[in-house]
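What follows is a set of notes on a single structure, which appears directly below.
Positions are given from 1 along the sequence. Values below: every heavy atom of this structure, side chains too, minus hydrogens, waters and symmetry copies. This is a predicted model, so every value here is computed, not measured. Indexing begins at 1, ligand by ligand and atom by atom, following the structure's order.
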Amino acid sequence: MAIYDEPMDYLQLIDGELRPSRNGQWIDSVNPATGQVWARIPAGGAEDIDDAIRAAKSALDSWRALPAASRAALLRSWAATVRENLDTLWRLDATDNGRARREAEPAIAGAASQIEFHAGLAETITGDTVLVSDSATTYSVREPFGVVGLIIPWNAPLAMFLAKVSAAIAAGNTIVVKPPERASVSVLVAAQLLEKAGIPRGVVNVVTGEGSSAGEALVRHPDVRKISFTGSTATGRRITENSVANIKSLALELGGKSPNIVFADADLDQAADVVAAGIYTASAGQACIAGSRILVEEAIFVDFVERLRSRASAMVLGNPLDSRTDMGPLAFDGQYDKVREYLESGRQEGATLAFGGRCGSELFTPESPLREGYFVEPTLFLTEDPQLRVCQEEIFGPVAVAMPFADEADAVRLANDSGYGLAAGVWTQNLSRALRLTRRLEAGTVWVNTYRRLHWALPFGGQKESGTGTSNGPTTLDEWLEHKSVWIEHG
Ligand code: NAP
Ligand code: MG
């Protein structure tokens with residue numbers, strides 16, 4: 001199953017050197033499709049973070065002073081090396097977190113294009129000339145923060161690393177990255193491509209290790225001026241608390257419990273394909289924008305659930321490296337336990353299990369190596385009570401809940417009845433209704449007659465407890481830049 005028979009050790013990148021952790025300790029990385037250890041990563045901590053921040057500080061002055069066109073050229077060369085190594089990189093990601101090839105490979109290819117997009121933006125960083133007095137020349141410029149920190153989750157670690165790091169360094173910052181302990185290998189290997197691309201040592205540093213040690217040390221460090229974090233809302237709160245001491249700038253991309261709203265007049269076949277894909281084949285539901293609440297107009301509720309059942313039963317669960325696989329396993333044992341706990345919670349709270357619910361060894365033949373993997377089949381609960389835990393809490397697995405609604409107002413009320421506000425989908429042929437809903441839904445992204453479509457040129461961010469800050473889009477480098485005003489009095 002794994003691409004290497006014996007577990008291999010991977011090293012951190014600090015100041016252009018490949019280093020183990022200062023404490024000499026390691027973390028096992030498990031292949032979630034088999035439950036086998038396939039790699040080891042350094043268990044970095046505060047000392048490694050200190051080293052990395054020192055390296056980022058030393059690299060800062062020359063990096064930010066480089067002409068924008070030169071930074072852009074280096075980024076383009078980085079994108080090219082990522083493309084050349086695409087086949088290795090997606091396999092590493094899929095082996096470590098179980099994301100099926102169908103998702104893992106295009107995500108990394110897309111991130112290479114995003115690096116090029118950021119290279120273009122680096123060359124267009126501008127300020128404003130605002131003449132406020134006849135005796136002065138007054139203008140603003142935009143400057144990098146300096147040393148910044150990035151903390152990312154395990155569901156798409158490499159694509160996120162490439163996208164965020166390229167934006168941060170395009171803006172002239174230097175960066176220390178803490179990837180997720182469950183899936184750091186692809187990031188460690190991709191970090192080695194930086195040198196090949198000619199990006200100077202210390203501009204990008206990667207320290208692996210636990211969130212509670214390496215992650216906290218990065219957030220608390222006084223020399224780090226900004227933290228960009230993607231992960232759970234609970235960790236986002238903790239990071240906010242820990243960043244208070246030195247008033248760090250924060251960008252937080254957090255969780256979701258996104259509604260997919262299906263009206264009776266929709267193209268129901270197309271809707272069923274995309275709604276099912278939006279929660280099941282979307283990294284087995286481990287996607288922040290997974291459409292985990294399926295709201296269906298009463299008149300078609302039974303019919304639509306049947307359509308979802310037929311899509312779910314045709315999905316192939318299997319080896320993530322196989323291109324026929326629709327759904328891989330959950331990324332690690334803790335996530336597997338969490339999702340199974342929600343399966344139990346849904347049953348106990350009285351939701352009806354429409355289909356699914358089987359896990360692990362129940363899904364494969366006795367000879368299959370996948371029996372020890374963390375697989376959960378596509379599952380759907382039905383309920384009319386939106387207050388159940390399975391309706392309110394982010395499960396982050398292939399478990400959706402379907403609820404009926406009476407009319408448009410009821411649909412909006414149900415959709416917005418969530419602490420989260422990341423994304424929403426609307427399925428209808430009625431243009432007026434679609435436009436009304438795009439305004440009334442509390443979500444950072446609203447899709448109409450499609451779902452889960454992202455593009456680096458369109459802004460992305462969460463409303464409510466789904467986060468603060470906006471990435472992607474033409475202004476994405478703003479997240480990594482500060483304004484400075486200059487007033488030159490000349491009489
Ligand atoms: P998580 O537990 O919050 O972890 C995310 C990252 O934070 C990991 O690198 C983790 O390290 C680190 N971390 C944990 N505790 C920390 C602390 N006290 N200080 C600093 N860093 C700390 O999230 P997850 O469970 O891995 O990821 C799933 C979540 O991410 C879901 O809620 C999902 O919705 C969200 N997500 C959001 C988006 C978006 O764009 N909005 C995209 C993808 C995922 P360790 O893993 O080593 O503990
Ligand atoms: Mg792993």
inquiry  = Is there a side chain to side chain contact (heavy atoms under 4.5 Å, CB included) between Lys164 and Gln114? Walk through the geometry before answering.
reply    = CA-CA 9 Å; Lys164 305 265 177 193; Gln114 195 165 2; over 6 Å; no
task = Check the pair Trp456, Ser113 against side chain to side chain contact (heavy atoms under 4.5 Å, CB included), reporting the backbone distance first and the verdict last.
result = CA-CA 9 Å; Trp456 49 87; Ser113 301; 3.4 Å; yes
task = Give the C-alpha distance, both sets of side-chain angles, the deciding distance and a yes or no for side chain to side chain contact (heavy atoms under 4.5 Å, CB included) between Leu321 and Trp90.
result = CA-CA 9 Å; Leu321 303 184; Trp90 77 256; 3.8 Å; yes
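By the 30° and 60° cut-offs, the orientation of the rings of Tyr10 relative to Trp38 is tilted. Relative ring orientation between Trp154 and Phe332 is described as perpendicular, the plane-to-plane angle rising above 60° on a 0-90° scale split at 30° and 60°. Ring geometry for Trp78 versus Phe161: interplanar angle over 60°, hence perpendicular rather than tilted (30 to 60°).
An N or O contact shorter than 3.5 Å is missing between Asn242 and ligand 1 by distance.
For Arg453, the CZ atom is loosely surrounded, since the number of other residues' heavy atoms within 6.0 Å does not exceed 12.
The nearest protein atom to atom 25 (O) of ligand 1, hydrogens excluded, is given as Trp154 NE1, 3.5 Å; this is a heavy-atom distance. At the shortest separation from atom 28 (C) of ligand 1 among protein heavy atoms lies Phe396 CE2, 3.4 Å. Remark: minimum distance from atom 41 (N) of ligand 1 to any protein heavy atom is reached at Leu254 O, 2.7 Å. Protein heavy atom nearest atom 16 (C) of ligand 1, with residue, atom name and distance: Thr235 CG2, 3.4 Å. Among all non-hydrogen protein atoms, the one lying nearest atom 43 (C) of ligand 1 is Asn155 ND2, 3.3 Å. Ranking protein heavy atoms by distance to atom 17 (C) of ligand 1, first place goes to Gly211 O, 3.5 Å. For atom 20 (C) of ligand 1, the closest non-hydrogen atom of the protein is Gly215 C, 3.4 Å. Considering only non-hydrogen protein atoms, atom 45 (P) of ligand 1 sits nearest to Glu181 OE1, 3.2 Å.
Counting heavy atoms under 4.0 Å from ligand 1, residue Ile239 touches it through the side chain alone. At a heavy-atom cutoff of 4.0 Å, ligand 1 is contacted by both the backbone and the side chain of Glu216. No part of Gln335 comes within 4.0 Å of ligand 1, judged by heavy-atom distances. With a heavy-atom cut-off of 4.0 Å, Glu394 touches ligand 1 through its side chain alone.
Residue-ligand proximity, Ile151 to ligand 1, at heavy-atom distances under 4.0 Å covers atoms 6 (C), 7 (O), 9 (O), 12 (C), 20 (C), 21 (N). Ligand 1 places these atoms under 4.0 Å from at least one heavy atom of Phe229: 3 (O), 5 (C), 6 (C), 7 (O). Atoms of ligand 1 lying under 4.0 Å from any heavy atom of Gly209, numbered from 1 in the order shown and given with element: 47 (O). Residue contact check: Glu253 has heavy atoms under 4.0 Å from atoms 37 (C), 39 (C), 40 (O), 41 (N) of ligand 1. Residue Glu210 has at least one heavy-atom neighbour below 4.0 Å for each of these atoms of ligand 1: 47 (O).
Residue contact annotation: Val30 places an N/O/S atom under 2.8 Å from the Mg ion (ligand 2). Taking backbone and side chain together, Ala331 holds no N, O or S atom under 2.8 Å from the Mg ion (ligand 2).
Residue contacts with ligand 1 include Lys178, since one or more of its heavy atoms lies under 4.0 Å from the ligand.
When atom types are taken as modelled, the side chain of Glu362 and the backbone of Cys359 share a donor-acceptor pair closer than 3.5 angstrom.
Rounding to the nearest 0.5 angstrom, the gap separating the OG1 atom in Thr88 from the CZ atom in Arg91 is 8.0 Å.
A heavy-atom distance below 4.5 Å is not found between the side chains of Arg40 and Ser29. Residues Leu343 and Ile395 have side chains not in contact (no heavy-atom distance under 4.5 Å, counting atoms from C-beta outward). Inter-residue side-chain proximity for Pro329 and Pro320 is flagged as met; some heavy-atom pair is nearer than 4.5 Å.
Between atom 1 (P) of ligand 1 and the options Ser232, Ala214, Ala159, the minimum heavy-atom separation is to Ser232. In the candidate list Gly231, Ser283, Pro180, Gly255, Gly231 is nearest to atom 35 (C) of ligand 1, counting heavy atoms.
Note: Tyr336 and Phe375 fail the aromatic proximity criterion, with ring centroids not under 6.0 Å apart.
The Mg ion (ligand 2) forms the vertex of an angle spanning O of Arg182 and O of Asp96; to the nearest 10 degrees it equals 100°.
If you check the side chains of Thr365 and Ser368, you find no donor sitting under 3.5 Å from an acceptor.
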